[in-house]
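To keep things clear, I will list the structure first and then write my remarks on it.
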Amino acid sequence: MLRLIAAGSLAVLLTSCASNTAVPPTPPPASDVVSTYIDIARASYGDSLEAARVLDAAISDLLENPSQASLDAARAAWRAARIPYQQSEAFRFGNPVVDEWEGRINAWPLDEGLIDYVAPAYGDESDNNYFYTANIIANPVVDIGGISVDAARISPELLGETLHTIDGVESNVATGYHAIEFLLWGQDLNGTSPGAGNRPYTDYSLTQCTNGNCDRRRDYLEAASALLIADLDEMVQNWQDEGAAVADLRAKGLEGGLATIVTGMGSLAYGELAGERIRLGLLLHDPEEEHDCFSDNTHWSHYYDALGISNVWRGEYTRIDGRKVAGPSLEDMIQSLEPALHAEMSARLETTQLAMTALTEQGEMGNTFDVLIASGNTEGEALINAVITALMEQTSTLEKVISALQLQNVSIEGSASLPEKQ
Amino acid sequence: MNKIRWESRILAAILVALSAQQLPAQDLSRLDAAAGKALFERNWVAAPASTTAADGLGPYYTARSCAACHADGAGSADISALNLVIDDPVYGHLLQPRAVTGMAAEARAQVTWNTVRTELLSEGTVVQLRAASVTVSEWQYGPSSLPINLRRAPALGGLAALEHIAPDRVQLLADEEDRDGDGISGRLPRGRFGWTAATPLLREQVARALSADLGLSTSVFGGGEGDCTAHQATCQQQVHPGEDPLEAPDTVLDLLLAYLRTLPAPASPIADSPGATLFSELGCKACHVPAPDSAQPQLRPYSDLLLHDMGSGLADAGPAGASEWRTAPLWGLRQNAGFLHDGRARTLDEAILWHDGEAQPARDAYRRLNADQRTLLHTWLLGL
């Protein structure tokens, strides 16, 4: 019976999508589609920068007047900052300027033991015997990767330059959104049970300091926030008319530009989101194999990743202030060239959106990603698998779009061998 | 654990429809390869971190990730990607140049390359053969007098296919006593993987790399201490057992293997090109057997997978070092940066001229080629 209902609702969805759409007479020129893509990228990074500045202001308030209220406000600002940034992830793959920069601001896993105190053994809630010794906040001089580092003054330069280069290509573990997240929430010691990190605001108090070295912790948080702003500002510049990302894209030609758009959509959906960020967590049942592990904000991160892919397809992005950026899109092209394929892609994206919405509903009820992937949580597994299936199906339909547009040299992350679906 | 409550009936229906739609096994294995690639590229962090699945690095390590030395499955000749093999009772198998935060590395090593021989090929081509010398300072547990031998990170394409070659086929190629009198006495090794074919299974080879290079314990090689010995007290103190005794559980190992199995053996070029003919005429094929398993002619690694004496110039220093090497498969040669086990050869000229021992006649024949012939051979080899 349930299956019948399900089949029915899917059919309704498919028909409603197919019939509600007006077919434009001619497909928009590829140059306009690429221009819309650039406009959305510029707006997405611009919003990410703006939201990071709001976060920075909230962090200043927290440091000026440490209290539960100012810590909560900073946490809320961090969550808000993730909204535009996660949508911008659709621009990561296919644009080397973005992909090479990404590790600086969104690196995972985070080497949090390098930053601040951590519990000695993960998952042992009762054990308050914190492991204080080997972290930058506690130590003005520290050995990192076998090299002795002078960390007497914690500055954006120390984090971004010294730590960035200290271990060759393998650093990037001390900066970015997740470093700030760790500093605002602390470790989530709840395992696969509900609950996020629970760092006390007094970790930032100069008068009632908890867990030691509050002055240096304040410096670290301030430096990490300043660095995030600088890094985002760099990316905003890259998407201006004369910027590096725009220049790269223009140099690829129109077909190359379209190929970049679909590379980003497919790679984020398939290898990155369905594979690394979702299926891997499900297979490992690791409570913290989740993207925003300290804040338990992962369901929203995934949701906005999916929305970012849809933005790029539809050529439409709603900015954080509510304004819309819109223009001729890949969707318009396909709608005109292959109406049936357009209907299929619309349905796929809608299904993904629904599955992601279900994920966020569960998350807001306390069934966060780390709870859903617990070993033996069969309902959680079904929900996660629905998300994975939706992303996989969406990407196979995207492959048809790639064929329909006869795009060459498209390499979707993680799917060098994505099954051919005729 | 909270029970899942569905807010919306439509959502529930959609989800039931989706989960009823079985994930096709083939699609899932491809997604697993994608997850494996993510693990391959993952920067492991020191324990204890919030992520039990990605911590456990070190305490001593050579690299934080597989991809640090095998980017995209290719090889590296980067000095920082070289393994420093010491086999010392105190320092263990490797001398590790890195350590987790708060610990000093085992030692600081500097590799310099010195020209040890200069050869003149026809038409005035000068080839300088170089060898490494390793200078070590800042020994954390006192200096070791044992020699250090280097190993570079090879390209991984086609690795999984080597497992498909039947052992009895390899045995057929062995000729330890040189009964056929061709001067080549391939010896059957213990295994198939690694420079001396010491490891029989790819799974074991991957586990060995996780243990020795990253310091991660697996079901194959237990112990979170990685390559740190009982004599290294500061290292032993760093080991923090988490919930799961294995830092890289079997799921991780399996996903990494799933990824490696998708790294294809490069396509074979046309066999009857002039370069292939030269390869054959010089006698290279005696060890670099194109298709060692006659039942699977499509598998063309250009190796007999046997051990051969390659002369004293290539042999490791020290009593524990290797004096015989597995015939290096030549497929995917172009994906390697540098040639031979330690990357000493920068060009194919250098790599071939280092051949000695059982390979001496073939090398001497190579010396007699003219420049055009050498180019034809090189072009063909780099197309494998």
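Quantities reported herein were computed from a predicted structural model and do not represent experimental measurements. Note that these values count all heavy atoms, side chains included, but never hydrogens, waters or copies made by symmetry.
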Roughly how far, to the nearest 0.5 Å, is the [atom2] atom of [Y] from the [atom1] atom of [X]?
{"X": "A:L280", "Y": "B:T251", "atom1": "CG", "atom2": "OG1", "value": "9.0 Å"}
{"X": "A:I278", "Y": "B:L31", "atom1": "CD1", "atom2": "CG", "value": "9.5 Å"}
{"X": "A:M392", "Y": "B:R30", "atom1": "CE", "atom2": "CZ", "value": "9.5 Å"}
{"X": "B:D254", "Y": "A:L283", "atom1": "CG", "atom2": "CG", "value": "10.0 Å"}
{"X": "B:K37", "Y": "A:E276", "atom1": "NZ", "atom2": "CD", "value": "9.5 Å"}

*asked:* Can you tell me which portion of B:Q140 sits under 4.5 Å from chain A's heavy atoms? Options are side chain, backbone, both or neither.
replied: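 When you check distances to chain A, no heavy atom of B:Q140 falls under 4.5 Å.
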*Could you pull out the closest heavy-atom pair between B:A34 and A:G271, with the gap in Å?*
CB-CA, 4.1 Å
*Under the ring pair (Phe, Tyr, Trp, His ring centres under 6.0 Å) test, which residues partner A:H178, sequence neighbours left out?*
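A:H178: ring pair (Phe, Tyr, Trp, His ring centres under 6.0 Å) contacts with A:W108, A:H291.
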_Flag if over 12 foreign heavy atoms under 6.0 Å of CD, B:Q110_ = no
